[in-house]
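Down below is the structure, laid out as structure tokens.
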Amino acid sequence: MAKHAVPANMIYLMGMAWKHYKLVFVFILLQMLAGGLMPLFGLYLPVLSVDLLLTDRGMGYTLWALGGFAGSYVVLQIINNVAGQGKYPFQNNMRTVFMRMLIFKTMECDYRLMESADGQTLYEKIRNMLWSGDNAPTSQMFNAMAKLVSAGISFAFLMGILVMLSPYVLGGLVVLSVLGYFIKKIPLRYEESQRDYTADLNKKYNYLQQSMSDIGAGKDIRIYNLPALFSRLCDRLMGLQFAVRTKIGNRYFAAGALQGVLGLARDGLAYAYCIWRVVQGQIGIPEFILFMGAIGSFYWWLDNLVNQLITLRRENTRMNDVRGFIEGVNTSNPLAPSDIKILQGKQIDIEFKNVSFRYTPDTPPVLENISFKIKAGEKAALVGVNGAGKTTIVKLLCGFYKADEGEILLGGFNINDFKREDLYTLFSAVFQDMCIMPFTAAENISLSIEAERDASRVAQALKTAGVYGEIMKHELKTNAYMTKSVTGDGIVLSGGQQQKFALARALYKDAPMLILDEPTAALDPIAESEVYEGFHEVTGGKTTLFISHRLASTRFCDRILMLSGGKITENGAHATLMALGGEYARMYDVQSHYYKEGAIGHA
């Protein structure tokens with residue numbers, strides 16, 4: 001991922017703010033100016049008071065001068081407070097802007113990344129960053145930028161005052177303060193070195209919390225008395241989190257103590273020099289008060305300035321993580337992609353040529369030198385036991401993953417020649433881990449707004465999939481919301497009905513190729529067989545690939561591919577493979593009695 005310097009990320013963040021909330025810049029400018037000038041009023045007020053008393057200019061003039069000075073300070077304070085309060089809602093909403101960008105990125109980025117443990121850890125780390133309230137990198141950088149300019153204005157005036165006292169005193173203050181800065185960086189660097197580790201712990205702990213509160217697991221939790229096991233895991237993770245936080249805290253404590261010693265030496269020597277100048281008659285009482293105030297404020301303002309720089313540096317690292325995910329995790333598209341229109345609206349054949357694939361370099365291959373061809377318009381079944389690599393073939397075919405070796409061709413064209421988003425338009429699919437979103441039934445089927453939706457096609461797809469009657473029971477019918485996430489009276493379907501509903505979505509899309517990746521796993525064998533046989537009738541001339549480890553889908557297919565150990569071991573029609581008497585025939589014989597009416601309950 002690209003690493004951007006602090007100025008580049010500041011400009012980027014300001015650009016995003018300008019795009020969404022231009023008014024925030026008025027508040028930022030006012031806060032910087034007021035915040036920079038306010039400390040100077042506090043520094044000069046005692047000097048002015050003593051000078052007025054010593055020169056005896058009269059009570060009227062003294063009150064007028066002090067009143068005007070104090071009034072100006074109050075005005076600046078009001079401006080600073082109003083600007084800070086006015087800036088906060090926009091600054092706060094920037095977190096929402098980036099969180100929305102992050103979530104939308106997960107829906108389009110490299111699928112392989114999001115399915116991997118490293119990708120999930122990265123996502124969890126960035127999500128926690130953005131969802132950490134005022135500690136989010138966007139909020140921290142906003143505050144630090146405004147405070148840095150304010151501190152810079154004050155510090156510039158402060159240095160001018162100290163130069164009048166002595167350039168050597170100013171140099172000594174700077175040297176000791178810079179040394180304190182480097183001491184402060186030691187715990188910061190250690191904290192940064194633990195960020196990935198703490199993010200991984202947070203991911204595991206959040207997953208554990210979700211598992212404990214998952215209503216779907218509630219029955220198992222109670223029956224098998226799992227709270228004690230969950231409690232032990234929670235204690236272990238909390239112990240690891242506490243240990244790393246303690247190590248970080250100890251380093252900050254040690255650095256703080258050493259900085260205190262340096263501060264005592266720095267301020268003590270500077271104060272002694274001022275007292276010596278007074279004793280020598282080189283400066284008067286008002287100047288003494290001014291210089292003492294400047295010395296006392298010097299480290300505070302330098303520390304403030306440095307703290308904002310440290311904050312920007314720290315948050316810049318986190319901002320790079322955010323930008324890196326949002327901008328740089330898309331699957332790379334070809335430089336000169338082929339036009340997908342050459343395949344749209346046509347029957348398309350599928351060919352795997354010597355394809356091999358493994359999920360990570362240090363794991364065995366899931367697929368090894370696989371070759372097969374499914375003719376245009378042909379219905380093929382890919383069968384095998386769990387873990388044989390069936391779903392991996394689907395991921396490769398759809399472009400979610402890229403093959404390590406070999407080629408995958410659609411209509412004679414390599415899938416790597418097309419943009420990923422264009423390739424997706426060629427497929428309708430129903431996956432085992434389907435998702436029904438909290439949209440209306442019609443929106444879920446068409447995945448489009450009403451103006452772009454064909455209501456008659458929605459109804460026909462629901463009827464063909466066998467779930468139309470269940471949807472029409474509800475008062476709003478296809479305009480009723482699915483699930484209870486949005487409305488309390490949303491439609492909730494059983495497991496089998498959910499899979500039929502997903503079939504209707506695939507039918508509505510009407511893409512030239514259809515993939516059914518074990519979509520009926522929640523159905524009993526007879527119901528599954530009936531669904532597949534019914535679905536076979538409506539697939540038309542589409543090139544269709546059925547994925548299953550149960551063989552209800554195979555009898556009506558033109559071709560059956562038997563997958564075992566990452567290789568195609570048998571290839572042919574149902575009758576051919578049964579006559580062969582190989583692995584497919586043995587598996588079918590074991591399962592076939594489940595597909596006969598009345599078998600269930602008598603087995």
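Remember, predicted model here, so these are calculated numbers, not experimental data. Computation of the quantities below employed the complete heavy-atom set of this structure, encompassing side-chain atoms and omitting hydrogens, waters and symmetry-equivalent molecules.
Listed by first and then second residue, the ring pair (Phe, Tyr, Trp, His ring centres under 6.0 Å) pairs that reach into residues 455-474 come to none, sequence neighbours excluded.
Using a 4.5 Å cut-off on side-chain heavy atoms (C-beta onward), L367 and L396 make contact. Side-chain contact between N9 and M141 is present, with heavy atoms from C-beta onward closer than 4.5 Å. Here the side chains of L409 and K353 are in contact, with some heavy-atom distance below 4.5 Å. Side-chain contact check for L462 versus I445: some heavy-atom pair is nearer than 4.5 Å. No side-chain heavy atom of F427 sits less than 4.5 Å from a side-chain heavy atom of P512. Counting heavy atoms from C-beta on, the side chains of F501 and E470 never come closer than 4.5 Å. Looking at V322 and L102, their side chains never come closer than 4.5 Å, going by heavy atoms from C-beta outward. Residues Q91 and V24 are not in side-chain contact: their nearest non-hydrogen atoms beyond the backbone lie 4.5 Å or more apart.
By the 6.0 Å contact criterion, OH on Y207 is open, its count of non-hydrogen atoms from other residues, nucleotides or ligands being 12 or less. The number of heavy-atom neighbours closer than 6.0 Å to CE of M472, taken from other residues, nucleotides and ligands shown, is above 12. Crowding of Q209 atom CD: a count of heavy atoms from other residues, nucleotides or ligands under 6.0 Å exceeding 12. Dense packing is recorded around CZ of R457, with more than 12 heavy atoms of other residues, nucleotides or ligands lying under 6.0 Å away.
With hydrogens and angles ignored, the 3.5 Å screen pairs a side-chain donor or acceptor of S428 with a backbone N or O of A511. At distances below 3.5 Å, at least one donor-acceptor pair connects side-chain atoms of K22 with backbone N or O atoms of W18. Of the possible donor and acceptor atoms, one in the side chain of R420 sits under 3.5 Å from a partner among the backbone N and O of F418. A donor-acceptor pair under 3.5 Å is absent between the side-chain atoms of Y508 and the main chain of N444, judged by distance alone. In this structure, the side chain of K125 does not engage the main chain of D200 through any donor-acceptor pair within 3.5 Å. A donor-acceptor distance shorter than 3.5 angstrom exists from the side chain of E570 to the backbone of E583, with no hydrogens or angles considered. Side chain of R559 to main chain of A380: no donor-acceptor pair is present (N/O by atom type, distance under 3.5 Å, no hydrogens or angles). A donor-acceptor contact shorter than 3.5 Å links the side chain of K390 to the backbone of G384. With E443 contributing its side chain and T440 its backbone, the two residues share a donor-acceptor pair below 3.5 Å. Side chain of K346 to main chain of I342: a donor-acceptor pair is present (N/O by atom type, distance under 3.5 Å, no hydrogens or angles).
A side chain to side chain contact (heavy atoms under 4.5 Å, CB included) with L426 holds for exactly one of L397, I340, I415; it is I340.
Aromatic ring centres of Y584 and H574 lie closer together than 6.0 Å. The ring of F400 has its center closer than 6.0 angstrom to the ring center of Y424.
The pair R586-D589 does not meet the salt-bridge criterion, since no charged nitrogen lies less than 4.0 angstrom from a carboxylate oxygen. Between R318 and E315 there is a salt bridge, with a side-chain nitrogen of the basic residue lying less than 4.0 Å from a carboxylate oxygen of the acidic one.
Contacts of D510 classified as salt bridge (charged side-chain N to carboxylate O under 4.0 Å, His left out), with partners at least two apart in sequence or in another chain: K542. Listed by chain and number, the residues in a side-chain contact (heavy atoms from CB on, under 4.5 Å) with E452 are S448, I449 (sequence neighbours excluded).
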Determine, step by step, whether I393 and L382 satisfy the side-chain contact (heavy atoms from CB on, under 4.5 Å) criterion, reporting the C-alpha distance in whole Å, the side-chain angles of both residues, the deciding distance to 0.1 Å, and the verdict. CA-CA 9 Å; I393 286 179; L382 184 60; 3.6 Å; yes
Can you list the steps and then say if T138 with M129 is a side-chain contact (heavy atoms from CB on, under 4.5 Å)? CA-CA 9 Å; T138 51; M129 285 181 198; over 6 Å; no
Test side-chain contact (heavy atoms from CB on, under 4.5 Å) on F546 and K379; report intermediate values, then the result. CA-CA 8 Å; F546 297 86; K379 295 173 180 59; 4.3 Å; yes
Mind running side-chain contact (heavy atoms from CB on, under 4.5 Å) on T543 and L514 for me, showing each step along the way? CA-CA 6 Å; T543 305; L514 179 63; over 6 Å; no
If you apply the rule side-chain hydrogen bond (donor to acceptor under 3.5 Å, both in side chains), what do you find for T121 with K203, and how did you get there? CA-CA 6 Å; T121 298; K203 181 195 72 172; 3.0 Å; yes
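The line from NZ of K105 to CG of L113 is 11.0 Å long, rounded to the nearest 0.5 Å. Atoms CD1 and OG1, on I515 and T544 in that order, are 9.5 Å from each other to the nearest 0.5 Å. Here the CE-CZ distance, from M482 to F439, works out to 12.0 Å after rounding to the nearest 0.5 Å. Atom-to-atom distance recorded for T483:OG1 and Q498:CD is 10.0 Å, nearest 0.5 angstrom. Here the straight-line distance linking atom OG of S371 with atom NZ of K567 works out to 11.5 Å at 0.5 Å rounding. The CZ atom of F98 sits 8.0 Å away from atom CG of L130, with the distance rounded to the nearest 0.5 Å.
A side-chain donor from one of T464 and Q460 sits under 3.5 Å from a side-chain acceptor of the other. Remark: the N202 side chain and the Q241 side chain contain an N/O donor-acceptor pair separated by less than 3.5 Å. E124 and N206 share a side-chain donor-acceptor pair at under 3.5 Å.
Closest of all the heavy-atom pairs between S446 and V458 is CB-CG2, 4.2 Å. In terms of heavy-atom proximity, G377 sits nearest to D558 at O-OD2, 4.4 Å. Considering every non-hydrogen atom in both S139 and G133, the closest pair reads OG-O, 4.0 Å. Residues M99 and R127 share a closest heavy-atom pair of CE-CG, 3.0 Å. Of all non-hydrogen atoms in A403 and V355, the two that sit nearest each other are CB-CG1, 3.8 Å. The two residues D349 and G412 have their closest heavy-atom pair at OD1-N, 3.9 Å.
Under a cutoff of 6.0 Å and an axis angle of 45°, R100 and F104 form a cation-pi pair.
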